[in-house]
Amino acid sequence: MATLTVSRPPFGGFSFENCRRNAVLEGEANKVGCSLPAARKTGTTICGVVFKDGVVLGADTRATEGMVVADKNCSKIHYISPNIYCCGAGTAADTEMTTQIISSNLELHSLSTGRLPRVATANRMLKQMLFRYQGYIGAALVLGGVDCNGPHLYSIYPHGSTDKLPYVTMGSGSLAAMAVFEDRYKPNMEEEEAKRLVRDAIAAGIFNDLGSGSNIDLCVITKGKVDYIRPHDEANKKGVRVNELEVAQLTGDYKYKRGTTGVLSKTVLDLEVVEETVQTMDTS
Amino acid sequence: MLNLFDTRGLRSQLKDSIPVAGLCPTGSYGLQDSMRSGFTSVKNELLPSHPLELSEKNYQPNKDKMNFSTLRNIQGLHAPLKLQMEYRAARQIQRLPFLQSSNLALDTLRGSDESIGFEDILNDPAQSEMMGEPHMMVEYKLGLL
């Protein structure tokens, strides 16, 4: 090949080589009338609330791919550090990779400082990374945790802006969930009350938004303890399939019963054992 | 031998500093690769294919420039001068150009040995399927090309 990249050493990270080709392909596809497949989004309801001793995070469990449900029970509450968890809405791959990268960075940082990481550190790392990519990484996050300064809750938007609030919601069902919060939030709630509030907010998102559904996951973070409750509540139960003929079995049976095919005649031949030899095999 | 390898010939340095846009299509033998980049057009060659492409290419140099200028404003000229001397020294500890060097000293100076980013996960150069032509790359580095 005559043109080689001799001048610059290869470096890692995002490669934009195929962008032009993809734009041309998309143009061609649109001319014919079909469209390229959409990335899997989480079309979600996620929310968080600060209560007396900590933070409660909640999320639904449906992942959509265009108009089809791609995953009926996906886990949207990601681990960042032992005292910090993050719910993610938006493109599923983006939220997954972003939270994993920040989790690794926080671990390295906490090993280097020798302290438990702070929620503000995670927030700053996330917002700087998302701003660097100018919103092309579609990850809307709700970050919550308890550190040496108490419980904290942040919401982080895909372009890199953040808000520090006592209660936040994100995702396509955020308006439904926010309505519940605005009605019933009180500062310094007890843990059970906070869990009920988050459960009701997510349920509002599940029942009123097409992009959210299935179960409700909760994560209660207090000083020194994390309760990851998955599933906390199965709001949408899928029906149980019953075979009409065999009520005891729950799943279909594909074996045909005796008598399905009519039997014309039956002969039984007894086999006689004439000789039996054993050949030893060396299996060492 | 060490002397030859740690200075770049003047011609190769000059070539890098002048950006050549639109005069050399990216297919083999310098021809347009229609399968990968579509039909030729002036707009395609002058503008980057993605809004983030330029910003990402210059991210590290821009960050360094910003840090050095802040340091100069706060602590005076000696601080960035000393640091840049160390960077230059560390940048010269390299293997031959077609081999992947670990850049351990440079990473430690920059602080990127304590962080993980997309450049460590995606497109790891140590695992790229194509290798540069060894002779051409060494000749380019020595400025003989």
Side-chain angles (χ1 to χ4, degrees), chain A residues 1-29 31 93-94 96-114 117 121-122 124-126 128-139 159, chain B residues 12-13 15-16 24-31 33-39 44-45 47-57 59-60 63 94 97-101 103 111 113-128 130-133 136-141 145:
Chain A
M1 289 204 275
T3 53
L4 292 173
T5 52
V6 291
S7 50
R8 298 191 57 167
F11 56 94
F14 289 110
S15 147
F16 297 97
E17 283 170 359
N18 288 333
C19 284
R20 216 161 258 149
R21 176 204 71 169
N22 292 347
V24 169
L25 281 178
E26 192 162 350
E28 293 298 313
K31 249 189 264 174
D94 288 346
E96 187 74 36
M97 288 265 79
T98 305
T99 48
Q100 281 177 351
I101 287 183
I102 297 302
S103 166
S104 310
N105 277 330
L106 254 195
E107 176 74 19
L108 286 172
H109 182 81
S110 100
L111 283 170
S112 145
T113 57
T121 317
R124 180 115 341 211
M125 286 181 176
L126 280 165
Q128 283 178 349
M129 187 175 94
L130 289 175
F131 183 72
R132 172 179 169 180
Y133 293 104
Q134 293 290 302
Y136 280 96
I137 294 192
H159 282 264
Chain B
S12 65
Q13 279 175 349
K15 250 188 282 188
D16 269 355
C24 190
T26 46
S28 42
Y29 300 104
L31 286 175
D33 190 350
S34 301
M35 278 285 271
R36 293 216 185 93
S37 14
F39 296 115
N44 270 350
E45 281 160 26
L47 295 177
S49 51
H50 194 272
L52 279 184
E53 192 175 349
L54 280 179
S55 140
E56 276 300 299
K57 198 156 66 150
Y59 184 76
Q60 194 57 37
K63 199 164 97 151
Q94 298 265 334
F98 53 93
L99 292 174
Q100 198 54 33
S101 18
N103 287 330
D113 61 338
E114 282 185 345
S115 72
I116 297 181
F118 285 114
E119 59 271 1
D120 301 307
I121 303 175
L122 302 172
N123 250 347
D124 190 9
Q127 282 156 14
S128 82
M130 293 205 298
M131 195 176 90
E133 198 355 331
M136 286 184 64
M137 292 184 86
V138 175
E139 284 174 15
Y140 181 83
K141 183 159 186 213
L145 193 63

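Residue numbers begin at 1 in each chain, while the letters A, B, ... track the order of the sequences. All values reported here derive from a predicted model rather than from experimental measurement.
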Run the side-chain donor-acceptor check on residues 113-126 of chain B: report pairs under 3.5 Å with partners two or more places apart or on a different chain.
unit_1: B/D120; atom_1: OD2; unit_2: B/G117; atom_2: N; d: 3.1
unit_1: B/N123; atom_1: ND2; unit_2: A/G13; atom_2: O; d: 3.4

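In this structure, chain A has no heavy atom under 4.5 Å from any part of B/F98. The contact between A/M129 and chain B is made entirely by side chain atoms (from C-beta outward), counting heavy-atom distances below 4.5 Å. Residue B/E56 touches chain A through its side chain alone, counting heavy-atom pairs closer than 4.5 Å. When heavy atoms are compared at a cutoff of 4.5 Å, A/F16 approaches chain B by way of both its backbone and its side chain.
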Check your understanding: Yes or no on ring-ring contact (aromatic ring centres under 6.0 Å, His included) for B/H50 and A/F14, after CA distance, side-chain angles and deciding distance?
Key -> CA-CA 11 Å; B/H50 194 272; A/F14 289 110; 9.0 Å; no

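Residue with the most contacts toward chain B among A/I102, A/L106, A/L108, A/L25: A/L108 (heavy-atom pairs, distance under 4.5 Å).
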